[in-house]
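On a predicted model such as this, the values are computed, not experimentally measured, just so you know. Chain identifiers are assigned alphabetically (A, B, ...) following the order of the sequence lines, protein sequences preceding nucleic acid strands; residue numbering begins at 1 within each chain. Side chains are part of it too, since the values below use all heavy atoms of this structure and drop only hydrogens, waters and symmetry mates.
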Amino acid sequence: MAASIPFDARQHLASLLRAALASVAPERGLVEILLERPKQASHGDFASNLALQLARELKTNPRQIAERLVRELPPSAAVAKVEIAGAGFINFTLTPAARTAVVPAVLAAGHGFGRGAPKAGKAAQRLQVEFVSANPTGPLHVGHGRGAAYGASLASLLAFAGYDVTREYYVNDAGRQMDILAVSAWLRYLELFDEPVPFPPNGYQGGYVREMAEQVKTAHGDRYVHPAEAVLACLPETEDIEAKLDGLILAGKDLLGEDWAYIHGHVLNEQLTDCRADLEEFGVHFDVWFSERSLYETGMVERAVATLEKSGHIYLQDGAKWFSSTAFGDEKDRVVQRDNGIYTYFASDIAYHLNKFERGFDKVIDVWGADHHGYIPRVKGALAASGADADRLDVTLVQFVSLFREGQKASMSTRSGEYVTLRQLREEVGNDACRFFYMLRKCDQALDFDLDLAKSQSNENPVYYVQYAHARICSVLAQWEGDQAALGAVDLAPLQHEREFALCARLAEFPELIQVAARDYAPHALAFYLKDLAGDFHGWYNAERVLVDDKATREARLALAMATRQVLQNGLSLLGVSQPVSM
RNA sequence: GCGCUCGUAGCUCAAUGGAUAGAGUACUGGCCUCCGAAGCCAGGGGUUGUGGGUUCGAUCCCCGCCGAGCGCGCCA
């Protein structure tokens, strides 16, 4: 018995319809034949709208076309019933054997059930997913958590669907924000030695900055101490707080000299290490941590701007170099190199994306916060202007997370340090609930996260509903004490209830769902699927007893339960959610 | 003002252009001497913001309006 080859009912029915179409309307042979799973059980296992599609061109009543198609359908051992319904839908009901065929297929494939064949040929094969990429200037917050959960689940989903996926984090280790963090830590350090310089309101206020100052003091004593007067003497006469902050950074660089690099490197390393540990604990892993600074060190930024200049899309104005992004649909042109010679963040981002393309990815997927949406036209424009295929870049926007605590919207400013960290959220709600909760809405939907609700009602989180189904199956299989490996070959004829067929249909849907969700970059569809699957299982489990006296019935039901457990495992692991044996 | 995204049950959210728009939650009423009640079954709940258009068929595609979030820097 070829249990390892899943019976593909959809493909089978499509071939039957194509044969019927060839005799009813041979000239329409190219029309796409779609088979969908009806929402209502009374509409059968699969439905085709082929007759409706043809009605217009054939200028015939769709029901008449449907009748002709059904008459011409080749006979099939897998089809129990064909009905014409509604406006002209052709509804197929499969035989019991065809409906349960998925069970041995699941058990044979195991962890591989649902896995797509490696993409080959013209299809994009090598994908890169870049996500989180938060500035390493402080702890990750709940907004980053959403990007992390989405990106990680998406990457896993794409890999399972058959793509070769690289997960990447872009480290902004070259910009002003890192300088601000370094000077913030240094000022806190000076405070420890009674050399207080008024702390800038736009510096990083969080407690972790003081902690890093303490670390530097413990490791190196007063080595980096300079009199507060010396620092203040460097400051420009201005009321502009940003200019003042830049003055403080310059003061730090001047007074510390070579030692500035140590402070800068220390705070960067501390934050990056913390960020990485946070994400790993969250089950989010990256293959590549890509340094922005390396783009400067290898001359890639210069090269990228030079490429744009050569293509004639750069002009000089007010001493700065501008990229004419309006020619590519942007609202206005953008500076790539300032009048002081310093490249903008945009310049390094162009270099970064060109570098991604040079690494040979067929598709580059950026997961960005929704506030960056205005950035898309200029990046795509720069890629097009550089002679690259901008369509190889897909940008997915993840909408904001608003936190509510006691009915109040919580502040989310990184610099003020008044925000709920991802770590706090994980500790309050738990990793599994966190990962699953983030996936319970599509990414382009703004998310209101009620902390009190998540905490107080954590037992009502849908993730437990899914995990509970898994634990129940584990429990039943353990009580049976039989040979689980033998269940893949049992006779499934005793499966006769509608709930059993519905559960089988749900299992059979899994491989299709993987492909569709991967195509749409929609891992949330997987979370909703698992909820539905668990619901089908709980309903069946409450209606029918598994460990009955009759051996044939018992084993058939155990096989169905075990197949369900397998699909729950495959799906939950893609979402980074654990599959407890007991709860 | 211009641009991007969004608007679905009281609340939180689903729905490859398909049939009577679905779940959860809350509310009401049932189900454990029997495999885990973190469960199941049943019930009420909707003019899919609004007005047009395309289509055999629109929550989905197009246009106007209303409302919300975000963006519009030689910041990152």
Side-chain angles (χ1 to χ4, degrees), chain A residues 34 36-40 42-43 47 49 51-53 55-56 61-62 85-89 91 134-135 137 172 174-178 180 242 292 317-322 329-332 334-340 342-346 348-349 369-377 397 399-400 402 437 440-442 444-450 453 457-469 471-480 512 515-517 519-520 522 524-525 527-528 531-532 534-535 537-548 554 557-558 561 582-583:
Chain A
L34 293 175
E36 54 192 21
R37 293 183 181 276
K39 291 170 189 166
Q40 282 181 258
S42 63
H43 293 152
N49 62 352
L52 294 163
Q53 286 181 305
R56 192 179 189 192
N61 184 311
F89 291 96
N91 295 339
N135 283 344
T137 52
N172 296 123
R176 178 168 178 262
Q177 295 305 321
M178 277 310 302
I180 296 174
E242 295 299 332
E292 179 189 8
Q317 186 181 306
D318 303 328
K321 280 185 186 173
W322 296 70
D330 198 5
E331 295 169 5
K332 51 172 291 186
R334 310 288 174 177
V335 171
V336 290
Q337 190 176 23
R338 284 175 247 169
D339 55 5
N340 59 10
I342 295 176
Y343 289 106
T344 60
Y345 177 85
F346 180 39
S348 55
D349 228 14
D371 54 334
H372 283 63
H373 64 77
Y375 206 72
I376 298 172
L397 298 174
Q399 287 290 336
F400 273 16
S402 301
F437 190 87
L440 276 177
R441 55 222 65 203
K442 47 185 178 186
D444 52 9
Q445 193 73 248
L447 164 58
D448 287 341
F449 204 123
D450 187 327
L453 193 72
Q457 302 194 345
S458 61
N459 279 355
E460 293 173 27
N461 192 303
V463 73
Y464 298 108
Y465 183 74
V466 179
Q467 289 180 320
Y468 183 56
R472 265 185 154 176
I473 297 171
C474 289
S475 173
V476 141
L477 284 166
Q479 286 171 57
W480 173 54
E512 305 160 12
Q515 294 300 321
V516 171
R519 182 199 64 199
D520 297 341
H524 77 279
F528 281 93
K531 261 175 54 174
D532 289 341
F537 171 76
H538 285 307
W540 170 60
Y541 185 86
N542 270 273
E544 309 297 337
R545 193 176 162 78
V546 175
L547 298 178
V548 291
R554 181 174 68 234
R557 288 178 180 171
L558 281 163
S582 66
M583 302 172 61

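Straight-line distance between the P atoms of B/U54 and B/C63: roughly 15 Å, to the nearest whole Å.
Within 4.0 Å of A/Ala446, counting heavy atoms only, lie sugar-phosphate atoms of the nucleic acid but no base atom. Note on A/Asp444: only backbone sugar-phosphate atoms sit closer than 4.0 angstrom, heavy atoms only; bases stay farther off. Using a 4.0 Å heavy-atom criterion, one finds that A/Phe528 contacts the sugar-phosphate atoms exclusively. In this structure, A/Arg441 reaches the sugar-phosphate backbone alone: every heavy-atom distance under 4.0 Å involves primed, P, OP1 or OP2 atoms, never a base.
Here A/Arg37 pairs with A/Glu512 under the side-chain hydrogen bond (donor to acceptor under 3.5 Å, both in side chains) rule; sequence neighbours left out.
In this structure, the nucleotide among B/U16, B/G39, B/A14 sitting nearest to the side chain of A/Glu36 is B/U16.
Stacking between A/His43 and B/A19 is shown: the ring centroid lies under 5.5 Å from the centre of the six-membered base ring, and the planes differ by under 30°. Taking the 5.5 Å centre cut-off and the 30° plane limit, the aromatic side chain of A/Tyr541 is classed as stacked on B/C35.
A/Asp371 contributes no side-chain N or O that forms a donor-acceptor pair with the base of B/G71 under 3.5 Å. Counting atom types as modelled, A/Asn91 pairs a side-chain N or O with a base atom of B/A19 as donor and acceptor under 3.5 Å. With hydrogens and angles ignored, a donor-acceptor pair under 3.5 angstrom links the side chain of A/His373 to the base of B/C70.
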Problem set entry | Dot-bracket pairing map - RNA chain B, Watson-Crick plus G-U, both contacts under 3.5 Å, | cross-strand | (((((((..((((....[...)))).(((((.......))))).....(((((..]....))))))))))))....

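Between A/His538 and A/Tyr465, the ring-plane angle classifies as tilted under the 30° and 60° cut-offs.
Nucleotides of RNA chain B nearest to A/Gly175 and A/Ala47 differ in position, and the one nearer the 5' end is that of A/Ala47. Between A/Ala471 and A/Trp322, the one whose closest nucleotide on RNA chain B sits nearer the 5' end is A/Ala471.
Residues A/Gln177 and A/Thr137 have side chains that never bring a donor and an acceptor to within less than 3.5 angstrom of each other.
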